[in-house]
There are 2 protein chains.
Amino acid sequence: MSLRHALLGLLDAAPMTGYELDQILDETFGYPWTAPRSQIYPSLRQMEAEGLIEAEVKHTGERERREYRILEPGRAELARWVAEPVPYAGARDAAHLKASMMNMVKLDEAEKLFLAHRDHFRQRLEIWNKRIDAIQAGTSPLLEARLRDQPPDEQAKLIAFKLCGYEGSAMRARTEIEWAEHGLVTVASLRQATRTPNSIDVA
Amino acid sequence: MSLRHALLGLLDAAPMTGYELDQILDETFGYPWTAPRSQIYPSLRQMEAEGLIEAEVKHTGERERREYRILEPGRAELARWVAEPVPYAGARDAAHLKASMMNMVKLDEAEKLFLAHRDHFRQRLEIWNKRIDAIQAGTSPLLEARLRDQPPDEQAKLIAFKLCGYEGSAMRARTEIEWAEHGLVTVASLRQATRTPNSIDVA
DNA sequence: ACATACATGTAATGCGTTACATGATTAC
DNA sequence: GTAATCATGTAACGCATTACATGTATGT
C-alpha cells in the first residue's frame, strides 16, 4: 500500500490537487512511484474520509479544484510507514525470465529484446539523472518548498536522503543497461559460433 | 501474464505436477518468477482447458497426482511470448520511496532499513549464485533434462541464455547491496554532522 | 475555431497475497 | 504415534491496468 504514502509524501511538501499529483506520479516525471488517475482520485477521497488529509475546494470560474493538504494524523502515518520494514516480494522479472528462454527464438529476436531493454533503461536513467541534478542545483520546486520551513541540519538530512533514493533508481537503471549489453555480447558470440561451427568459441 | 509462461517454460523441460512447480516457483528456490499455489493450480487447469498442456492422472495408492506435460500449442505460445516486447511498467520501488523520506525518522531507524535491505539482497545473491554454479557445473536436474534431446549447437544457446537470465538477477542483487551500503554511509555521515554541528561535513 | 492543458471521476478485469481447507504417504 | 512431506485446491481482498466518460479554461 505505498500509493497512499507516495501521495502523503508529496502533500507533505505542498498542498496539491489530484491533477497535480497525477502529473508527478506519471512515468515521465521521475518520481520513485507511479500511478494512474483511476487510483489517485479514489485514494485521495479515502484518505480524506480517514482524516489523513483535508481538501479545500477552490473555484476557477465554473471549474472546481480540490486542493488537498496533509493533516497531523497523515504526517504521523507517513513517519510510521517510513520506519516500517519493506515487504520484500518474491523475484518476478519478465525480462530475466524471457532471457532464460531465448533459446526458443531466433538470435535476431533476442537481440531486439536486449536493445529495447537497454533503450528503455537509458531513458529512465536520463530521467533519474535530471532529478538528481535538479536536487543538487536547488531547482526542484517541490524540494525547495519543503526546505523553506526546516532548520539547517534538517535540510541536510532531507537533501541527503532524497538524493539517496534517486541514486538507488539511477544505479538500478545503470545495471539494467549493463545487463542488456552483456546480453548483446552473448547474442553476438552465439551468432559467431553458429556461423563457424567448428571453431572454438571466443567468448 | 508471465506466470503462465513461467509454468510453460518449466513444463517444457520436463512433465511435472502442480506441487513440483510450486516448489520451483517458491522464493527460496531461485527461479526468476515466483507464485503461490493459489495461482498455480487454477492456472494449470485453465491452460489444460485451452489445450496448451495435458494432464496425466497418476495414482500413488489412494492419492491422485496430476502430471502435466506441455503440448505443441503450448510450446508455440511460449515461443511467441518470448519474442514479444517486455511490457515495462512504471517505476514503483518502496525501498527507494522510503529512502527519499527517511528525513522523517531517526537515523537509527534509517540504518535498520538499509541493513535489512543489504541482508535481504545478500541472501538473494547467494541463491542466484548457487543456480549459476549449478548450471555451469551441470548439476541442475531441470537443465540437464532439457539438454538431453537437443543438438550440440542448441545446447550452447540454451546454457548461454539461461546463464544470462540468472546473471541479470545476480547483477540486480549486487546493485541493491551496493545501494544499501551507500545508504549506510549516508546515515553515518549525517550522524557525524549532527554530533559535531559546526564542523565541515567530511562526506 | 481549434487544440492543448486543466480538472475529476467510474467500471471492468486481471494479477498477487493471505488465509482457509483437506487429506494421504513416508520416515522416524 | 507423530511429524514432515506429498498433494490439491477455494475464497476474500487489495492493488494495478485499461478503457470509458465528461466538461471548462486558455492560448493561438
Side-chain angles (χ1 to χ4, degrees), chain A residues 1-8 15-29 31-50 53 55-68 81 85-94 97, chain B residues 1-8 15-29 31-50 53 55-68 81 85-94 97:
Chain A
M1 242 217 290
S2 300
L3 168 61
R4 293 161 67 98
H5 302 100
L7 294 170
L8 288 171
M16 268 181 271
T17 66
Y19 186 77
E20 287 172 287
L21 288 162
D22 177 53
Q23 285 176 307
I24 295 170
L25 295 174
D26 184 84
E27 237 186 294
T28 56
F29 179 87
Y31 188 75
W33 202 266
T34 58
R37 280 179 298 298
S38 59
Q39 266 190 293
I40 296 168
Y41 286 114
S43 234
L44 289 169
R45 288 288 182 158
Q46 209 188 323
M47 289 198 291
E48 190 189 5
E50 290 170 23
I53 58 175
E56 189 183 343
V57 183
K58 294 191 172 180
H59 293 271
T60 314
E62 288 282 300
R63 201 160 60 197
E64 212 178 57
R65 308 174 347 112
R66 298 177 61 80
E67 197 177 74
Y68 291 94
W81 173 79
V86 176
Y88 294 101
R92 212 172 282 134
D93 189 297
L97 185 60
Chain B
M1 242 214 294
S2 299
L3 168 61
R4 293 160 68 96
H5 302 101
L7 294 170
L8 288 171
M16 268 180 270
T17 66
Y19 185 79
E20 287 171 289
L21 288 162
D22 177 52
Q23 285 177 307
I24 296 170
L25 295 174
D26 184 84
E27 237 185 294
T28 56
F29 178 87
Y31 188 76
W33 201 266
T34 57
R37 284 179 295 299
S38 59
Q39 265 189 295
I40 295 168
Y41 287 113
S43 235
L44 289 169
R45 288 287 182 159
Q46 210 187 323
M47 289 197 292
E48 190 189 6
E50 290 169 22
I53 59 175
E56 189 183 342
V57 182
K58 295 192 171 180
H59 292 273
T60 313
E62 288 282 298
R63 199 159 61 195
E64 212 178 58
R65 306 171 354 107
R66 299 176 61 80
E67 198 177 72
Y68 292 94
W81 174 79
V86 176
Y88 294 101
R92 214 173 281 133
D93 188 295
L97 184 60

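So you know, we letter chains A, B, ... as the sequences are listed, proteins then strands, and number each from 1. Below, all heavy atoms of this structure are taken into account, side chains as well, without hydrogens, waters or symmetry copies.
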Would you please name every residue forming a salt bridge (Lys or Arg N to Asp or Glu O under 4.0 Å) with R37(A), sequence neighbours left out?
-> D22(A)

With D93(B) via salt bridge (Lys or Arg N to Asp or Glu O under 4.0 Å) - residues at least two apart = R172(A)

Distance, rounded to the nearest Å, where R45(A) contributes CZ and dT10(C) contributes C1' = 13 Å

Tell me whether the side-chain N/O atoms of [X] come closer than 4.0 Å to OP1 or OP2 in [N].
X      : N      : result
Y19(B) : dC6(D) : yes
R65(B) : dG9(D) : no
Q23(A) : dC6(C) : yes

Kindly write out the residues that satisfy ring pair (Phe, Tyr, Trp, His ring centres under 6.0 Å) with [X], not counting sequence neighbours, or none if the list is empty.
X      : value
F29(A) : none
Y88(B) : H117(A), H120(A), F121(A)
W33(A) : none

End-to-end bend of the helix from dA1(C)-dT28(D) to dC28(C)-dG1(D) (five-pair axes, 10° rounding)?
-> 30°

Check: residues 42-49 of chain A side-chain donor-acceptor pairs under 3.5 Å, at least two apart:
| unit_1 | atom_1 | unit_2 | atom_2 | d |
| --- | --- | --- | --- | --- |
| Q46(A) | NE2 | E50(A) | OE2 | 3.4 |
| E48(A) | OE1 | R66(A) | NH2 | 2.9 |
| E48(A) | OE2 | R66(A) | NH2 | 3.0 |

Sorted by chain and number, sequence neighbours left out, side chain to side chain contact (heavy atoms under 4.5 Å, CB included) with A35(B) holds for L3(B), L25(B), Q39(B), I40(B)

Using a cut-off of 4.0 Å between protein heavy atoms and nucleotide atoms, how would you tag nucleotides 19-28 of chain D 5' to 3' with B, S and -?
-> B---BBS---

